[in-house]
Trainee: 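Structure provided below as structure tokens; questions to follow.
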Amino acid sequence: MKYSISIGAFLVLVLFAAHASEARLQVCKPSGKIRGKNPPPGECNPENDSDCCKEGKLYDKYTCSPSVSGRTKAVLTLNSFEKGGDGGGPSECDKKYHSDDTPIVALSTGWYSGGGRCLNNITISANGRSVSAMVVDECDSTMGCDADHDYQPPCANNIVDASKAVWKALGVPEGDWGWLHVTWSSF
Ligand SMILES: *[C@@H]1O[C@H](CO)[C@@H](O)[C@H](O)[C@H]1NC(C)=O
Ligand SMILES: *[C@@H]1O[C@H](CO)[C@@H](O)[C@H](O)[C@H]1NC(C)=O
């Protein structure tokens, strides 16, 4: 009797461990690929380290992003939300253009969550500093390499694409703007 209880407990433990490791492995995988086309002449402004699609190159697309915690790791990139900037059309949340002097961001599709974080402020931290920035747009991880996306590849799934005001507030020297490991939280 004593034995069967401990075997039972052991089995529960094994099942629990298997379940936990399965949960840990539930990473966000690509949902497919996009085949790149060269931008038409004059399209895709490579300023600010923007990546332009290349003919025949395959780009991963994602409908998910890594799960959100109190300190979600992300890559901060630079975006212009102004008319004529490299952000493409107006912002997805309010169909407006925004001044790059306000701290605003676009989030990868999974984190954008169908607009669920629109006009909420998130706190972005790096360099021992923090800035509160408003979510106004989606950094589309599901599409790219077309006119709507300035002939740029789909967004990675872990991007906080930020106005220059965010970079300034984090104290990053202007020459280093473009790519930085950060964390963000929704409060
Ligand atoms: C590059 O970034 C700067 C600073 O945000 C901005 O003024 C400029 O318009 C951007 N260029 C493009 C093509 O978006
Ligand atoms: C986000 O921050 C801006 C600027 O501080 C503020 O005007 C706005 O009300 C805030 N939005 C929310 C939803 O708290």
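Heavy atoms only: backbone and side chains are in, while hydrogens, waters and symmetry mates are out. Counting starts at 1 for both ligands and their atoms, following the listed order. For the single chain, residues carry numbers from 1 onward in sequence order.
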Trainee: Decide yes or no for V75 and W179: does some side-chain heavy atom of the first lie under 4.5 Å from some side-chain heavy atom of the second?
Mentor: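 They are in side-chain contact.
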Trainee: Does atom 2 (O) of ligand 2 have a protein heavy-atom neighbour under 4.0 Å away?
Mentor: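 Within 4.0 Å of atom 2 (O) of ligand 2, protein heavy atoms are found.
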Trainee: For atom 4 (C) of ligand 2, which protein heavy atom lies nearest, and how many Å away is it?
Mentor: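 It is N121 ND2, 4.8 Å.
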Trainee: Is there a donor-acceptor pair closer than 3.5 Å between any side-chain N or O of S141 and the backbone N or O of S108?
Mentor: no
Trainee: Start with the C-alpha gap between N157 and S65, add the side-chain angles, then the distance that decides, and say whether side-chain hydrogen bond (donor to acceptor under 3.5 Å, both in side chains) holds.
Mentor: CA-CA 5 Å; N157 63 7; S65 290; 5.7 Å; no
Trainee: Considering non-hydrogen atoms of the protein only, which is the closest contact for atom 13 (C) of ligand 2, and what is the distance?
Mentor: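 Looking only at protein heavy atoms, the one closest to atom 13 (C) of ligand 2 is L119 O, 3.4 Å.
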Trainee: Check whether L76 and V131 end up in the same hydrophobic cluster, where Ile, Leu, Val, Met, Phe, Trp and Tyr are linked by side-chain heavy atoms less than 4.5 Å apart.
Mentor: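 Yes; V131 is reachable from L76 via cluster members.
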Trainee: So, for atom 11 (N) of ligand 2, does the protein have a heavy atom nearer than 4.0 Å?
Mentor: yes
Trainee: C53 and C44: sulfurs closer than 2.5 Å?
Mentor: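 The sulfur gammas are not closer than 2.5 Å, so no.
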Trainee: Does atom 7 (O) of ligand 2 have a protein non-hydrogen atom under 4.0 Å from it?
Mentor: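 Looking at atom 7 (O) of ligand 2, one finds that no protein heavy atom lies closer than 4.0 Å.
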